[in-house]
Amino acid sequence: MAVFKRINQILLFLLVLAFFAIWYSTVYKVSRHKEDEDADEETEEDVIPVVICAARNRMGATIAAINSIYSNTEANVLFYIVGLKNSVVHIRKWIEGTQLNKIHFKVVEFNPLVLKGKVRPDAAFPELLQPLNFVRFYLPLLIQEHEKVIYLDDDVIVLGNIQELYETKISRGHAAAFSEDCDLRTAQDIVHKEGIQNTYMGFLDYRKKAIQNLHISPSTCSFNPGVFVANLTEWREQHITKQLEKWMKKNVEENLYSSNIGGGVATPPMLIVFHEKYSPVTPYWHIRYLGWNPDSPMPENVLREAKLLHWNGRYKPWQHAHSHADLWDKWFIPDPTGNFQIRKL
């Protein structure tokens with residue numbers, strides 16, 4: 001009997017192990033590059049990990065962002081470039097066929113099945129529901145070798161030394177550092193002129209009981225999760241990913257927020273989970289709103305001090321003629337395969 005009991009225990013262990021392997025594989029698959037082996041030899045202290053997505057229809061943005069980072073630092077940056085199956089080969093060819101072939105990078109394939117049942121359809125703004133918008137929720141599952149990482153949206157240009165952003169102090173007990181939407185007074189004119197939402201009221205539906213029960217003031221200043229520094233140890237210990245998924249599921253069931261309210265479905269769950277539990281990013285490391293109105297320029301004094309520019313909003317510099325297009329154009333590297341073409345309206 002003891003032998004049979006032992007066999008059953010072993011079989012149960014193998015079953016659990018197999019289940020974990022299947023679950024883990026639904027989240028990501030890593031496609032390795034010849035530079036990856038070299039990157040693995042670096043110690044964690046030597047590397048600045050930067051996570052950025054590469055969507056097929058906006059891959060030029062990813063290239064421009066990477067080029068701006070690489071060109072403005074002497075630090076040893078390791079790029080984690082996250083894409084879907086339809087884009088990982090293309091991004092590799094683009095990098096290997098240009099002057100970016102010297103960067104250290106890993107290509108990570110994100111499996112959208114992990115989002116099943118967690119994203120509410122929205123016909124008005126389908127682009128905001130693209131799977132890569134939710135990569136930021138799963139950082140500890142995608143990046144396991146580092147305690148601290150930088151996450152960047154693809155529609156950014158970095159003008160400062162990325163090491164400065166990496167050295168952002170994250171207070172004890174905080175899993176991330178963000179830039180508040182009210183922290184840059186000189187940009188508030190654009191906020192008021194364009195009617196940009198910068199409080200929780202603009203992202204959460206306060207008519208819903210679940211939101212009211214959070215006891216968060218609707219006038220609380222929001223933050224933008226397109227640029228942040230994360231402490232993945234704290235992230236794991238606080239089960240941040242599970243908390244985010246909880247609010248994703250609740251939104252599917254109760255429609256607690258929508259892209260019609262807050263301009264996207266990736267921001268509201270982060271506002272809830274990180275409320276009063278994040279550290280600040282220096283304002284000039286996240287100058288945003290450049291994509292709200294192509295004819296509404298950012299003040300020159302702000303641009304002179306800017307370390308990072310973010311074209312959040314619908315007017316992207318690779319799609320539209322823009323008053324600040326030159327600040328993006330100089331970092332773009334044409335696609336050697338010819339598949340990605342810039343056509344500005």
Run the side chain to side chain contact (heavy atoms under 4.5 Å, CB included) test against [X] and tell me which residues pass, sequence neighbours left out.
X      : answer
Pro294 : Tyr315, His322
Thr199 : Met201
Asn57  : Ala55

Do you know which two heavy atoms are closest between [X] and [Y], and how far apart they sit?
X      : Y      : result
Trp331 : Asn67  : O-ND2, 2.9 Å
Thr241 : Pro140 : OG1-CD, 4.1 Å
Ala177 : Val281 : O-CG2, 3.4 Å
Met248 : Lys118 : CB-O, 3.2 Å
Val227 : Leu165 : CG1-CD2, 4.2 Å
Pro334 : Thr98  : O-CG2, 4.1 Å

Under 3.5 Å, side chain of [X] to main-chain N/O of [Y], donor-acceptor pair present?
X      : Y      : answer
Ser217 : Ser219 : yes
Ser279 : Ser171 : yes
Asn251 : Leu256 : yes
Asp153 : Asp155 : no
Arg136 : Pro225 : yes
Lys85  : Glu109 : no

* Selection residues 201-249 - residue pairs positive for disulfide bond (SG atoms under 2.5 Å apart), sequence neighbours left out ->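 Qualifying pairs, neighbours excluded: Cys182-Cys221.
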* Among Phe203, Tyr200, Phe223, which residue meets the ring-ring contact (aromatic ring centres under 6.0 Å, His included) test with His275? ->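 By the ring-ring contact (aromatic ring centres under 6.0 Å, His included) criterion, His275 pairs with just one of Phe203, Tyr200, Phe223: Tyr200.
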Nearest 0.5 Å, what's the [atom1]-[atom2] distance between [X] and [Y]?
X      : Y      : atom1 : atom2 : value
Ile287 : Glu305 : CD1   : CD    : 9.5 Å
Glu180 : His286 : CD    : NE2   : 13.0 Å
Trp311 : His324 : CH2   : NE2   : 8.0 Å
Leu309 : Leu327 : CG    : CG    : 6.0 Å
Ile52  : Ile63  : CD1   : CD1   : 9.0 Å
Ile95  : Ile103 : CD1   : CD1   : 4.0 Å

* To do: Give the intermediate values and the outcome of side chain to side chain contact (heavy atoms under 4.5 Å, CB included) for residues Tyr289 and Asn312.
  => CA-CA 5 Å; Tyr289 311 132; Asn312 61 314; 3.9 Å; yes
Quick one: side-chain hydrogen bond (donor to acceptor under 3.5 Å, both in side chains) partners of [X], sequence neighbours excluded?
X      : result
Thr337 : His90, Asp335, Asn339
Asn231 : none
Lys344 : Asp329
Ser179 : Asp183, Arg288

* Asked: Who passes salt bridge (charged side-chain N to carboxylate O under 4.0 Å, His left out) against Lys277, sequence neighbours left out?
  -> none
* To do: State which residues pass salt bridge (charged side-chain N to carboxylate O under 4.0 Å, His left out) with Glu254; sequence neighbours excluded, sorted by chain then number.
  => Lys250
Do [X] and [Y] make a side-chain contact, defined as non-hydrogen atoms from C-beta onward lying under 4.5 Å apart?
X      : Y      : result
Ile66  : Ile81  : yes
Leu84  : Pro112 : yes
Asp181 : Asn224 : yes
Leu152 : Leu308 : yes
Val89  : Val107 : no
Trp328 : Lys316 : no
Ile91  : Met59  : yes
Lys249 : Val252 : no

* Asked: side chain to side chain contact (heavy atoms under 4.5 Å, CB included) between Arg58 and Gln130: does it pass, once the steps are laid out?
  -> CA-CA 12 Å; Arg58 44 194 287 163; Gln130 295 302 313; over 6 Å; no
* Please, which pairs that meet salt bridge (charged side-chain N to carboxylate O under 4.0 Å, His left out) have at least one residue in residues 210-238, sequence neighbours excluded? ->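 Found none.
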* Structure fact -> So ring pair (Phe, Tyr, Trp, His ring centres under 6.0 Å) across residues 225-253, not counting sequence neighbours, yields Tyr151-Phe228, Phe178-Phe228, Trp235-Phe274
* If the plane angle is over 60° it's perpendicular, under 30° parallel, otherwise tilted; pick one for Phe137 and Phe134. =>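 Ring orientation of Phe137 relative to Phe134: perpendicular.
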* To do: For the pair Tyr138 and Phe110, name the ring-plane relationship: parallel under 30°, tilted 30 to 60°, perpendicular over 60°.
  => tilted
* To do: Just do the side chain to side chain contact (heavy atoms under 4.5 Å, CB included) check on Tyr70 and Ile162 with the steps written out, would you?
  => CA-CA 9 Å; Tyr70 180 66; Ile162 197 69; over 6 Å; no
* Asked: Any chance the side chains of Asn198 and Ser222 put a donor and an acceptor closer than 3.5 Å?
  -> no
* Asked: Can you list the steps and then say if Val77 with His104 is a side chain to side chain contact (heavy atoms under 4.5 Å, CB included)?
  -> CA-CA 7 Å; Val77 179; His104 288 179; over 6 Å; no
* To do: For this output row, return yes or no: ring centroids of Phe340 and Trp318 closer than 6.0 angstrom.
  =>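 Ring centres of Trp318 and Phe340 not closer than 6.0 Å.
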